[in-house]
Amino acid sequence: TGTVQRLAGETMFINLGKTEGILSANEQVPGETYKINDRLKVFIMDVKKTTKGPQVFLSRSHPGLVKRLFELEVPEIGDGTVEIKGIAREAGSRTKLAVYTEFEDVDPIGACVGPRGARVQTIVDELNGEKIDIITWSEDPVELISSVLSPAKVEEVIIDSLEDKMATVVVPDYQLSLAIGKEGQNVRLAAKVSGWKIDIKSHTQYEAMAESEIIEIEEVEEDFVEVE
């Protein structure tokens with residue numbers, strides 16, 4: 001936590017107590033504005049030694065900021081009971097967080113949300129209203145891919161290649177735009193947090209695709225019969 005000490009163009013210099021940190025324009029969140037003496041939480045990306053002493057480089061847009069906020073706010077993450085398995089962020093807009101626990105009596109999403117949503121709301125407030133999707137991590141790719149596309153409902157997940165981590169996801173027609181998200185954001189973050197390349201098809205699109213494949217197979221079989 002630091003306070004804005006001075007501004008130089010779009011670069012902010014943050015007083016961290018014993019030292020000063022640099023928050024450059026490209027590490028700030030679009031839409032966030034701060035004034036001198038405003039308090040804010042920042043993520044330390046790097047510390048470099050210079051002839052004038054150490055230079056501390058800060059970020060507000062790094063996914064690590066969200067991760068550390070959850071570690072501070074959620075005791076179960078702080079003590080290792082709940083583990084953050086994946087995080088993807090488009091700063092100022094949306095973050096997807098995949099959490100996991102080995103303890104059957106612990107609800108990892110419930111722990112992150114907190115009583116009446118208090119824990120996650122504190123983090124959302126610190127991030128000026130950024131949306132946060134919390135989902136349960138699974139080693140089963142079908143379960144994982146179904147979860148990461150939340151809030152969209154998934155009909156079916158077809159694993160196209162385990163080696164290349166490619167999958168086709170079928171969603172109800174009315175859920176297609178929700179699954180893809182505004183300007184593709186939901187599927188983009190889902191792919192980042194899961195590590196899978198995800199191709200989304202509506203129910204109608206998938207049925208049409210399946211029918212065309214059947215027709216092609218039938219044509220090949222007919223050609224084979226003629227050659228015989």
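Here the structure is a predicted model, which is why all the values come from computation and not from measurement.
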**Study point:** Considering all heavy atoms, the nearest Cys112-Val99 contact
**Key:** SG-CG1, 3.9 Å
**Study point:** Whether Arg89 side chain and His62 backbone form a donor-acceptor pair below 3.5 Å
**Key:** yes
Practice item. For Ile44, enumerate each residue passing the side-chain contact (heavy atoms from CB on, under 4.5 Å) test, keeping only those at least two apart in sequence or located in another chain. Key: Val47, Val56, Leu58
Point to revise | Verdict with supporting geometry, Glu130 and Ser93, side chain to side chain donor-acceptor pair (under 3.5 Å) | key: CA-CA 5 Å; Glu130 188 171 312; Ser93 181; over 6 Å; no
Using atom types as modelled, flag every donor-acceptor pair under 3.5 Å from a side chain in residues 35-42 to any protein atom, sequence neighbours excluded.
{"from": "Asp38", "atom 1": "OD2", "to": "Lys35", "atom 2": "N", "distance (Å)": "2.7"}

Review point. Is Lys96 reaching over with its side chain to a backbone N or O of Val148, donor-acceptor style, under 3.5 angstrom?
Key: yes
Check your understanding: Taking only residues two or more places apart in sequence, or in another chain, which ones meet Arg60 in a salt bridge (charged side-chain N to carboxylate O under 4.0 Å, His left out)?
Key -> Glu32, Glu126
Practice item. Grab the two heavy atoms, one from Val157 and one from Ala167, that are nearest each other, plus how far apart they are. Key: CG1-CB, 4.4 Å
Review point. Quick one: does Asn15's side chain have a donor or acceptor within less than 3.5 Å of a partner on Gly17's backbone?
Key: yes
Review point. side-chain contact (heavy atoms from CB on, under 4.5 Å) with Thr81: which residues, sequence neighbours excluded?
Key: Glu76, Asp79, Thr101, Phe103, Val106
**Study point:** hydrophobic_cluster_shared for Ile134 and Ile87, side chain cutoff 4.5 Å
**Key:** yes
Practice item. Of all the heavy-atom pairs spanning Ser59 and Glu27, show the shortest one and how long it is. Key: OG-OE1, 2.6 Å
Point to revise | Side-chain donor/acceptor of Arg188 to backbone N/O of Glu183, under 3.5 Å | key: yes
Point to revise | Heavy-atom closest contact (Asn186 atom, Ser150 atom, distance) | key: OD1-O, 3.4 Å
Practice item. Any salt bridge (charged side-chain N to carboxylate O under 4.0 Å, His left out) involving residues 1-13? Give me the pairs, sequence neighbours left out, ordered by first then second residue. Key: Arg6-Glu20
Review point. Is the NZ or CZ atom of Lys201 positioned over Tyr206's six-membered ring, under 6.0 angstrom from the centre and within 45° of the axis?
Key: no
Practice item. Work out which heavy atom in Leu149 is nearest to a heavy atom in Ala179; give both atom names and the distance. Key: CD2-O, 3.9 Å
Study note, to complete from the structure: Residues passing the side-chain contact (heavy atoms from CB on, under 4.5 Å) test with Thr33, sequence neighbours excluded, are none
Review point. Would you say Asp133's side chain and Thr95's backbone share a donor-acceptor pair under 3.5 angstrom?
Key: no
